[in-house]
Amino acid sequence: MDWNSNVIKSLWPSTINNRESKEQLAAEIADKVKNGDIIGVGSGSTSYVALLAIAQKIKSDNLIIKAIPTSIEMALTCKYLDIPITTLNEHIPNWSFDGADEVDKNKHLIKGRGGAMFKEKLIMSVSKSNYIIVDNSKLVERLGHNFPVPVEVYPPALMCVESKLIKLGAAEISLRPAQGKDGPVISENGNLILDVRFENIGENMEKEIKSITGVIESGLFQNHEADIIVAR
């Protein structure tokens with residue numbers, strides 16, 4: 001990389017929760033990297049630690065790969081680590097990796113605390129194989145136990161979507177606030193994010209949420225093909 005950017009260096013905190021478990025998962029992901037791979041790169045701290053391990057594997061084994069990042073911060077991190085990036089317009093991912101906020105026994109997921117669920121789901125839908133990397137704290141008996149379902153909404157449709165989510169049985173809906181700015185979080189696609197709690201998440205809830213006009217995507221991942229790798 002040409003720029004010696006302190007801004008990029010400060011993208012991620014020096015202290016990462018459950019770092020030891022995440023480094024174990026990162027090593028397993030890095031072992032899967034082969035020369036010529038096109039890899040979909042998820043968002044969040046677990047994916048970040050995995051990307052560090054992949055960068056080391058590239059250097060030690062003199063590999064050539066390309067990454068398709070799902071967020072601005074992962075794209076900048078790839079640049080910082082000298083990992084070439086590409087797009088879905090140019091390549092289909094051989095495989096992808098990502099973290100999750102919750103995983104149930106049916107391999108259904110809640111994701112989206114980073115606001116990149118649309119791009120994450122897009123990458124997962126076209127990758128030839130997908131790996132979800134989590135520690136034991138992310139395993140739940142019931143989706144929605146620890147986290148609400150993020151719903152990305154086209155801003156002018158906010159009130160319409162809210163009313164339809166209530167009809168779907170939403171028990172609590174909140175507009176996700178930003179921490180570094182006044183007002184709400186803006187997603188990777190320039191939309192708003194509603195965090196929605198349901199008493200019960202049925203088998204078709206992902207499709208029902210997506211069918212609401214004005215919903216761009218949700219962080220509910222049901223019946224998506226993925227291998228779940230849990231830290232030992």
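The residues of the chain are indexed from 1 along the displayed sequence.
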Between [Y] and [X], is there a side-chain heavy-atom distance shorter than 4.5 Å?
X      : Y      : result
Leu158 : Leu194 : yes
Thr46  : Val134 : no
Pro177 : Asp182 : no
Asn191 : Val153 : no
Arg113 : Phe147 : yes
Pro184 : Leu175 : yes
Cys78  : Leu51  : yes
Ile68  : Thr87  : no

Spell out, as yes or no, whether a donor-acceptor pair under 3.5 Å connects the side chain of [X] to the backbone of [Y].
X      : Y      : answer
Lys59  : Ile54  : no
Arg176 : Ile186 : no
Asp104 : Glu141 : no
Gln222 : Glu206 : yes
Asp61  : Ile58  : no
Glu217 : Glu120 : no
Gln24  : Arg232 : yes
Asp135 : Ser137 : yes
Ser127 : Pro93  : no

task: Using side chain to side chain contact (heavy atoms under 4.5 Å, CB included) as the criterion, point out the one residue from Lys207, Lys210, Lys121 that pairs with Ser218.
output: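 The option that passes is Lys121.
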
What about [X] and [Y], same hydrophobic cluster or not, with Ile/Leu/Val/Met/Phe/Trp/Tyr joined at side-chain heavy-atom distances under 4.5 Å?
X      : Y      : answer
Leu122 : Ile209 : no
Tyr154 : Val151 : no
Tyr131 : Leu139 : no
Ile29  : Ile16  : yes
Phe198 : Val215 : yes

field: Residues Leu88, Val126; criterion side chain to side chain contact (heavy atoms under 4.5 Å, CB included); working and verdict
entry: CA-CA 9 Å; Leu88 289 177; Val126 297; 3.8 Å; yes

To the nearest 0.5 Å, tell me how far [X] [atom1] sits from [Y] [atom2].
X      : Y      : atom1 : atom2 : answer
Ile38  : Lys66  : CD1   : NZ    : 6.0 Å
Ser45  : Asn17  : OG    : CG    : 7.0 Å
Glu102 : Ile201 : CD    : CD1   : 7.5 Å
Asn62  : Lys57  : CG    : NZ    : 12.5 Å
Met159 : Lys164 : CE    : NZ    : 15.0 Å
Ile212 : Lys167 : CD1   : NZ    : 10.0 Å

Whether Trp12 and Tyr48 hold their rings parallel, tilted or perpendicular, with breakpoints at 30° and 60°: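 Ring orientation of Trp12 relative to Tyr48: parallel.
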
Contact summary for [X] and [Y], nearest pair of heavy atoms:
X      : Y      : result
Ala67  : Ile83  : CB-CG2, 4.0 Å
Asn189 : Glu152 : ND2-OE2, 3.0 Å
Val41  : Met74  : CG1-CE, 3.7 Å
Leu168 : Met205 : O-CE, 4.1 Å
Ala231 : Leu25  : N-CD2, 3.5 Å
Ala26  : Val49  : CB-O, 3.5 Å

Donor on one side chain, acceptor on other, [X] and [Y], under 3.5 Å:
X      : Y      : answer
Ser174 : Asp195 : no
Asn130 : Trp95  : no
Ser211 : Glu208 : no

query: If you measure from the Lys or Arg side-chain nitrogens to the Asp or Glu carboxylate oxygens, is any gap between Asp101 and Lys111 under 4.0 Å?
result: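 The answer is no: the pair does not qualify as a salt bridge.
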
query: Between Arg142 and Glu199, is the closest basic N to carboxylate O distance under 4.0 Å?
result: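 Answer for the salt bridge query: no.
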
task: Would you check, one step at a time, whether the test side chain to side chain contact (heavy atoms under 4.5 Å, CB included) holds for Leu11 with Leu76?
output: CA-CA 9 Å; Leu11 271 174; Leu76 291 173; 3.7 Å; yes

- prompt: Should we count NZ of Lys181 as having more than 12 external heavy atoms under 6.0 Å?
  reply: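 Enclosed: over 12 neighbouring heavy atoms sit under 6.0 Å from NZ of Lys181.
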
message: Tell me whether Ile92 at atom CD1 has more than 12 heavy atoms from other residues, nucleotides or ligands lying less than 6.0 Å away.
response: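 Open: at most 12 neighbouring heavy atoms sit under 6.0 Å from CD1 of Ile92.
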
task: Determine, stepwise, if the pair Met124 / Phe221 fulfils side chain to side chain contact (heavy atoms under 4.5 Å, CB included).
output: CA-CA 10 Å; Met124 185 180 287; Phe221 288 62; 3.8 Å; yes

message: Between Arg19 and Glu23, is the salt bridge (charged side-chain N to carboxylate O under 4.0 Å, His left out) condition met? List the steps.
response: CA-CA 6 Å; Arg19 181 87 188 222; Glu23 286 181 345; 3.1 Å; yes

task: Check Ser187, Ser43, Ser47 against Ser71 for a side-chain hydrogen bond (donor to acceptor under 3.5 Å, both in side chains) and give me the one that passes.
output: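 Exactly one candidate clears the test, Ser43.
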
message: Between Val161 and Thr213, is the side chain to side chain contact (heavy atoms under 4.5 Å, CB included) condition met? List the steps.
response: CA-CA 7 Å; Val161 171; Thr213 302; over 6 Å; no

